[in-house]
Amino acid sequence: MTTPAYSGLGPALTYVHDRPLEPGTLVRVPLGKRELLGLVWEAPGLSLEGLEPGQARAVLQVFDAIPPLNAAWRGLASFAARYYQRSLGEVALAALPPQLRDLQAEQLARKLKRLAKAAAGNPKTQGRQVNQAADSEPQMPESLSVGDTKAGPELSPEQAIALQRFQAADRPALLFGTTGSGKTEIYLRAVQELLEQDPQAQALIMVPEINLTPQLEARFMERFARWGVVSLHSGLTPAQRLDHWLAAHQGRARIVLGTRMAIFASLPQLRLIVVDEEHDPSYKSQEGARYSARDLAVYRAKRESQGRSPAHCRVLLGSATPSLESWRAAEIGRYLKLEMPQRIGGGALPRLRLVNMNHQPKQCVLAPALLESIAERAARGEQSMLLLNRRGYAPVLACHACGWKSDCPHCSAHAVFHKIDRTLRCHHCGYSSRVPYACPGCGNLDIAPVGRGTEQLEEQLVGLLAHARRADGEPIRVLRLDADSTRAKGSLEQQLAGMHEGEFDVLVGTQMIAKGHDFRRITLVASVNADGGLFASDYRAPERLFALLLQAAGRAGRDADFVASQGAAVELWVQTWYPEHPLFAALVQHDYPAFATQQLEEREAALMPPYSFQALVRAEARTQEAAQALLNLAAQAGEPLPGREHLTLYPAVPMAIQRVANVERAQMLIESDSRPALQAFLAAWQEQLQLARSQPEAKGVLRWAIDVDPLAI
DNA sequence: AGCACGCCGACT
DNA sequence: GTCGGCGTGCTC
């Protein structure tokens with residue numbers, strides 16, 4: 001009755017034990033020559049009499065020191081496995097802390113005894129652990145209302161109404177709140193009211209990125225340490241992850257904060273799920289079971305409420321730029337829409353300044369007016385932030401004599417020029433080589449960088465601002481933050497702290513600086529080259545660009561007092577060659593609803609999600625032909641399958657980056673107006689895919705995977 | 001996924 | 001003649 005952590009083996013395996021085991025019990029079982037962690041699953045109608053001798057081996061150990069995973073959790077795991085077309089064992093066992101796999105039952109029992117003792121001796125032990133991880137983040141000053149031990153600020157009327165409507169909601173709620181409108185305070189209050197009113201209740205708070213957990217943790221710890229706050233994300237050590245998981249599973253932690261993996265945390269008394277920045281693509285897993293933690297949050301809340309009132313477990317999705325899926329659900333009343341258009345403290349939203357690059361001096365990096373504005377701000381003690389979505393010095397090196405380009409030898413992509421260590425690096429496979437002295441094609445010495453990355457922007461900015469001075473008369477200081485500059489552990493926190501202290505005047509970086517961080521002195525945000533998102537082949541690109549720009553804009557002017565005392569103009573500058581693009585018309589007005597309406601109309605006309613349902617099958621092989629053959633052969637074989645008549649199967653095509661690490665990749669898009677039809681077809685089709693593998697045309701196929709509700713096509 | 005079994009190239 | 005490459009197949 002256990003499932004192995006292996007994806008090819010679909011249904012549960014059968015084992016025997018000398019006494020009945022409750023479903024959800026963790027066990028240790030033999031499989032082949034190995035000993036594995038297993039999970040007891042329900043086995044309706046199975047009796048020992050029906051078993052051939054030797055058909056079932058014996059359970060080795062029972063982890064009876066911890067309670068079984070409950071029915072709601074098992075329901076979530078089996079739904080996720082079914083919906084995302086993976087085996088139950090893979091989903092269920094991947095959702096457990098990895099260290100559990102290596103532990104013997106007695107070791108776990110001993111650990112639990114120790115934890116119980118520690119918890120009895122010091123009820124705050126749990127909280128301490130978390131705080132250590134979070135202490136590098138500067139704390140937000142809270143305006144404490146006198147006599148209120150809960151130490152929350154007064155809610156604005158708008159917040160109070162949103163919270164009240166959420167508390168009365170009988171369906172998932174979408175909190176559409178401008179950046180700086182105080183969404184986090186709503187989360188905190190919702191959690192507080194729930195945990196005060198129900199002494200057992202647990203809440204799950206999800207954030208898109210690991211970088212954002214420390215500061216959220218700090219805010220939750222500050223108010224709710226007494227209730228036990230733990231985090232769950234991939235940055236924890238294996239031991240921490242097990243501890244935190246156990247704390248949640250045993251109900252010692254009543255608040256769990258985490259990234260997408262936290263959706264599978266065992267929370268026996270789960271009553272509230274918050275998904276912050278619900279539109280963020282990080283919620284969609286890109287490997288293993290390709291689940292959407294946001295979608296599973298909605299499912300899980302419903303499943304937890306099964307057989308109880310619909311509001312037993314509530315779910316709150318928050319965003320300043322909701323996904324079009326959630327937006328539409330709110331429009332048609334499937335979700336409750338809560339709106340908070342005002343910034344707390346009345347801070348003005350940044351004014352959009354579109355820079356028409358057609359009218360700028362030739363070859364200019366930053367418009368002169370933008371440079372000047374940055375310099376003026378630095379002179380007044382204000383900070384600026386520049387976004388450029390490309391790390392490295394230049395995306396490619398090229399020889400103008402023979403046309404040679406710095407291509408990665410293993411991928412169909414350029415190797416990026418990193419000037420700092422004079423390397424060419426492929427961002428897809430990790431290949432790295434020294435920059436050649438002369439062109440490998442023709443020996444020409446004149447090989448030059450083409451295009452611009454953050455390293456180069458930083459360098460040019462320092463040059464362009466050489467004449468300018470800070471308030472203290474010193475030269476302007478530029479900080480670059482991207483995956484390269486923050487590789488060392490703790491260096492992101494350290495550099496962010498420097499930015500907060502005002503050590504730097506200008507911050508240059510990739511996406512990672514646009515999200516969440518609370519910079520107090522930034523009054524200008526600029527997107528150096530936004531056009532990539534305007535005409536990308538991916539139909540979701542405009543949506544992502546809009547979200548990125550608004551989110552980045554939200555970094556500016558967060559401290560209304562600072563802005564007022566400076567008399568600062570809070571601005572978002574966007575450099576573009578296409579200023580007339582309709583996306584910008586909506587952006588000028590900060591009008592997400594208008595943008596969403598326009599995008600949804602396009603989607604409806606083209607019958608794209610959320611007006612249709614998609615799945616993507618990707619194949620990897622030694623040759624492109626084999627990868628495509630597998631998909632096309634399986635498609636042919638799938639003709640008679642259930643649901644097929646409601647589907648469109650497009651021909652297999654090479655992926656955008658066709659070859660990565662010497663593996664050829666192809667994909668096939670499947671579209672349907674019926675989710676059940678798509679589900680039924682995919683479930684049956686797996687077998688055809690498996691069979692197609694043994695055809696001679698598909699020789700050299702390495703693997704294939706189905707991505708249900710893919711984000712990028 | 002692991003781990004075994006099984007059939008073809010360069011070494012003591 | 002063996003060590004070892006990774007292709008194919010199985011695990012209650």
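Proteins come first, then strands; the chains are lettered A, B, ... in the order of their sequence lines, and each starts at number 1. Below, all heavy atoms of this structure are taken into account, side chains as well, without hydrogens, waters or symmetry copies.
Distance CZ (A:R101) to P (B:dG2): 8 Å, rounded to an integer number of Å. Rounded to whole Å, the distance from OH on A:Y15 to P on C:dT11 is 11 Å. In this structure, A:R622 atom CZ and C:dC6 atom C1' are separated by 9 Å, rounded to whole Å. Straight-line distance from the CZ atom of A:R703 to the P atom of C:dG7: 13 Å, rounded to whole Å. Nucleotide B:dG2 holds its P atom 12 Å from the CG atom of A:L93, rounded to whole Å. What separates CD of A:Q695 from P of C:dG7 is a distance of 19 Å, to the nearest Å. Rounding to whole angstrom units, CZ of residue A:R693 and C1' of C:dG7 are separated by 10 Å. Put simply, CG on A:L37 is 21 Å from P on C:dT11, counting in whole angstrom units.
A:R308 meets the salt bridge (charged side-chain N to carboxylate O under 4.0 Å, His left out) test with no other residue; sequence neighbours excluded.
Evaluated for a side-chain contact (heavy atoms from CB on, under 4.5 Å) with A:L39, the options A:L88, A:T25, A:L69 yield exactly one hit, A:L69.
Centroid-to-centroid, the aromatic rings of A:H244 and A:H233 stay 6.0 Å apart or farther.
Considering only the side chain of A:R34, B:dC3 comes nearest among B:dC3, C:dC12, C:dG7.
For the atom pair CD1 of A:I706 and CZ of A:R618, the computed distance is 11.5 Å after rounding to the nearest 0.5 Å.
Classification of the A:F264-A:Y291 ring pair by plane angle, with boundaries at 30° and 60°, yields perpendicular.
Counting only N and O atoms by type, the side chains of A:S412 and A:Q658 include no donor and acceptor under 3.5 Å apart.
Phosphate contact (OP1/OP2 of B:dA4, side-chain N/O of A:K33, threshold under 4.0 Å): present.
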Next on the checklist: As a check on the pairing definition, encode DNA chain C in dot-bracket form, counting Watson-Crick and G-U wobble pairs whose two distances are under 3.5 Å, and using | for partners outside this strand.
Outcome noted: |||||||||||.
